[in-house]
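Please read these numbers as outputs of a predicted model, since none were measured by experiment.
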Amino acid sequence: MLMEKLEARHLPQMMILDNGHAVRTPDDWRIRRRELIDLLSREEYGYTPEAPERVTGAIRPAPDQEMNRAFAGKAVQQTIDLSFDTPGGVFSFPVILCVPRSAAKAPVFVYIAFRRDFPDRYLPVEEILDHGFAIAAFCYEDVTADSACMNRLAALYPRDEKTGWGKIGMWAFAASRVLDYLETRDDIDLTRACVSGHSRLGKTALWCGAQDERFSMVISNDSGCCGAALSRGKIGETVARINAVFPYWFCGNHLKWSGREGEMPFDQHMLLALTAPRRLYVCSAEEDSWADPESEFLSCLAASEAWQLHRLAGLVTPDALPVPGSPLLDGGVCYHLRTGAHFHSRTDWGYHMACRERFRI
């Protein structure tokens, strides 16, 4: 049943090198991986600039000692201004880091947030701390505006009209700079770093984790069109619709694929596969038809070839579409469908943390 549904999408070949040879080994995958990043950079998200040589962090003075015993004494909370050089000068943006006092080195969520609130309706900080995880959160609009305005970070790099990075690429770049800073800390377990986001920021987390292999896990929540969901055969939001409303999320070349999904040389299973052989977690909501849970789920299934190539299970699932309340956590590709609408809920976070605790990632 599932393979028939997948075959009906007529996806482009993922495991064929540009020279026409089949991808048969992990070494072949390293070559194919570079090809896929180049393809998605050129046709969808734009090319990401080189990382800066150094990222520094200045901890803001706390008004009192309360932040040393934040959340009923469970954690140390700091606001840190990260800075790095760009072609147009030094750029800075703030990150809130909250580390549980219970762990010598804490695994961390790098969370790309919609708002500066901490905690936030999408970010249940205390519950996350209770599970022993640190959180490094930044507001995406502190990096660059969610609009066509090329301000802040966007104004500091030259940008090609066709292949220059869009806003998703810029926000993803910032998430990697957070990890650069965390590498200077002695209270974070860098072997257990996860990048996570919801909706458009779920797309961002996927693109960040695809490029930055330092993240041991990538979580995309309700990311939908041009995120986790296959574009071919998708219901709800389409490539034409997203390009009409949010063209600045992508590179200029992406506009040409509006209404031409069947002709694209790529689809979103290729983006998901770039996390392999690390852990990938895709989450959907039953009522979120705009994101299209079935297309997100089938994309996970199609991407699984990349894990199987490494002799790992990809998505482990019965031959049936998923039902809410039955998370699929046994493979390198994890997935759950929950009841309700488009939201990053405590239910989602509970499954995320259960997966991380199970596999110690």
Side-chain angles (χ1 to χ4, degrees), residues 18 33-58 80-95 110 112-114 138-183 195 197 200-215 223 225-227 239 242-258 264-266 268 270-271 274:
D18 286 347
R33 189 178 186 283
R34 290 193 293 270
E35 293 177 349
L36 291 176
I37 288 176
D38 183 69
L39 174 62
L40 294 173
S41 297
R42 186 177 66 249
E43 303 295 341
E44 189 166 19
Y45 303 109
Y47 286 99
T48 302
E50 291 293 322
E53 290 186 6
R54 183 167 176 256
V55 174
T56 60
I80 304 154
D81 292 308
L82 302 192
S83 300
F84 54 90
D85 289 333
T86 77
V90 175
F91 177 72
S92 297
F93 68 101
V95 175
V110 174
I112 312 163
F114 279 98
F138 69 94
C139 177
Y140 75 135
E141 290 208 284
D142 284 333
V143 176
T144 185
D146 190 1
S147 72
C149 176
M150 292 295 169
N151 66 352
R152 304 187 184 99
L153 183 67
L156 299 175
Y157 284 88
R159 183 173 180 269
D160 182 88
E161 288 186 5
K162 294 294 186 183
T163 62
W165 59 349
K167 295 297 181 82
I168 285 174
M170 297 175 200
W171 300 324
F173 183 81
S176 285
R177 306 293 69 80
V178 174
L179 195 57
D180 290 342
Y181 168 73
L182 293 177
E183 288 183 327
V195 62
R200 68 199 63 181
L201 304 181
K203 309 180 208 298
T204 302
L206 288 170
W207 185 228
C208 173
Q211 298 173 92
D212 193 338
E213 296 180 276
R214 294 175 298 173
F215 287 105
S223 62
C225 183
C226 299
V239 171
I242 205 169
N243 277 338
V245 181
F246 303 112
Y248 50 86
W249 287 355
F250 309 100
C251 67
N253 275 342
H254 196 245
L255 290 170
K256 70 187 177 187
W257 302 116
S258 297
M264 297 189 311
F266 62 93
Q268 297 308 111
M270 294 175 172
L271 172 65
L274 289 171

Inset, instruction - Walk me through it: do E213 and R33 pass the test salt bridge (charged side-chain N to carboxylate O under 4.0 Å, His left out)? - result: CA-CA 12 Å; E213 296 180 276; R33 189 178 186 283; 3.7 Å; yes

Legend entry - Heavy-atom side-chain proximity of V195 to V178 below 4.5 angstrom: no

Legend entry - Spacing of L40 atom CG and H254 atom NE2 [to the nearest 0.5 Å]: 9.5 Å

Inset, instruction - May I ask you to check whether F250 and W165 place their ring centers less than 6.0 Å from one another? - result: no

Legend entry - Minimum heavy-atom distance G202-S223, with the two atoms named: C-CB, 3.7 Å

Inset, instruction - Could you grab the distance from atom CZ of F246 to atom SG of C225, nearest 0.5 Å is fine? - result: 10.5 Å

Legend entry - Stepwise side-chain hydrogen bond (donor to acceptor under 3.5 Å, both in side chains) test for T163 and D160: CA-CA 6 Å; T163 62; D160 182 88; 3.3 Å; yes

Legend entry - Parallel, tilted or perpendicular: rings of F93 and F84 (30°, 60°): perpendicular

Inset, instruction - Tell me, with the steps shown, if V110 and L182 meet side-chain contact (heavy atoms from CB on, under 4.5 Å). - result: CA-CA 10 Å; V110 174; L182 293 177; 4.0 Å; yes

Legend entry - Note, R200 side chain near W249 side chain (heavy atom, < 4.5 Å): yes

Legend entry - Considering all heavy atoms, the nearest P247-L255 contact: CB-CD2, 4.0 Å

Inset, instruction - Please report the shortest heavy-atom distance between I80 and G57, naming the atom on each side. - result: CG2-CA, 3.7 Å

Inset, instruction - May I ask you to check whether F138 and W171 place their ring centres under 6.0 Å from each other? - result: no

Legend entry - Closest contact, heavy atoms only, D81 versus P94: OD1-CB, 3.7 Å

Inset, instruction - Calculate, to the nearest 0.5 Å, the distance between atoms CD and SG belonging to E44 and C251 respectively. - result: 8.0 Å

Inset, instruction - Under the salt bridge (charged side-chain N to carboxylate O under 4.0 Å, His left out) rule, what do R214 and E183 come out as? Steps first, then yes or no, please. - result: CA-CA 10 Å; R214 294 175 298 173; E183 288 183 327; 3.3 Å; yes

Legend entry - Shortest non-hydrogen contact from P265 toward L39: O-CD2, 3.5 Å

Inset, instruction - Find the distance between OG1 (T144) and CG (N151) and round it off to the nearest 0.5 Å. - result: 4.5 Å

Inset, instruction - Determine whether T56 and R54 make a side-chain contact, defined as any pair of heavy atoms from C-beta on separated by less than 4.5 Å. - result: yes

Inset, instruction - Look at D38 together with R42 and state whether they make a salt bridge at an N to O cut-off of under 4.0 Å. - result: yes

Legend entry - Approximate separation, where rounding is to 0.5 Å, of L156 CG and T86 OG1: 4.0 Å

Legend entry - pair M150-M170: side-chain heavy atoms closer than 4.5 Å: yes

Inset, instruction - Considering only NZ, NE, NH1 and NH2 on the basic side and carboxylate oxygens on the acidic side, decide whether E43 and K256 come within less than 4.0 Å. - result: yes

Legend entry - From CE (M270) to CD (E35), nearest 0.5 Å: 10.5 Å

Legend entry - Residue among Y140, F173, W207, Y248 satisfying side chain to side chain contact (heavy atoms under 4.5 Å, CB included) with I168: W207

Legend entry - Smallest separation among heavy atoms of S176 and F215, with atom names: OG-CE1, 4.3 Å

Legend entry - Within-4.5 Å side-chain heavy-atom neighbours: L206 and K203: no

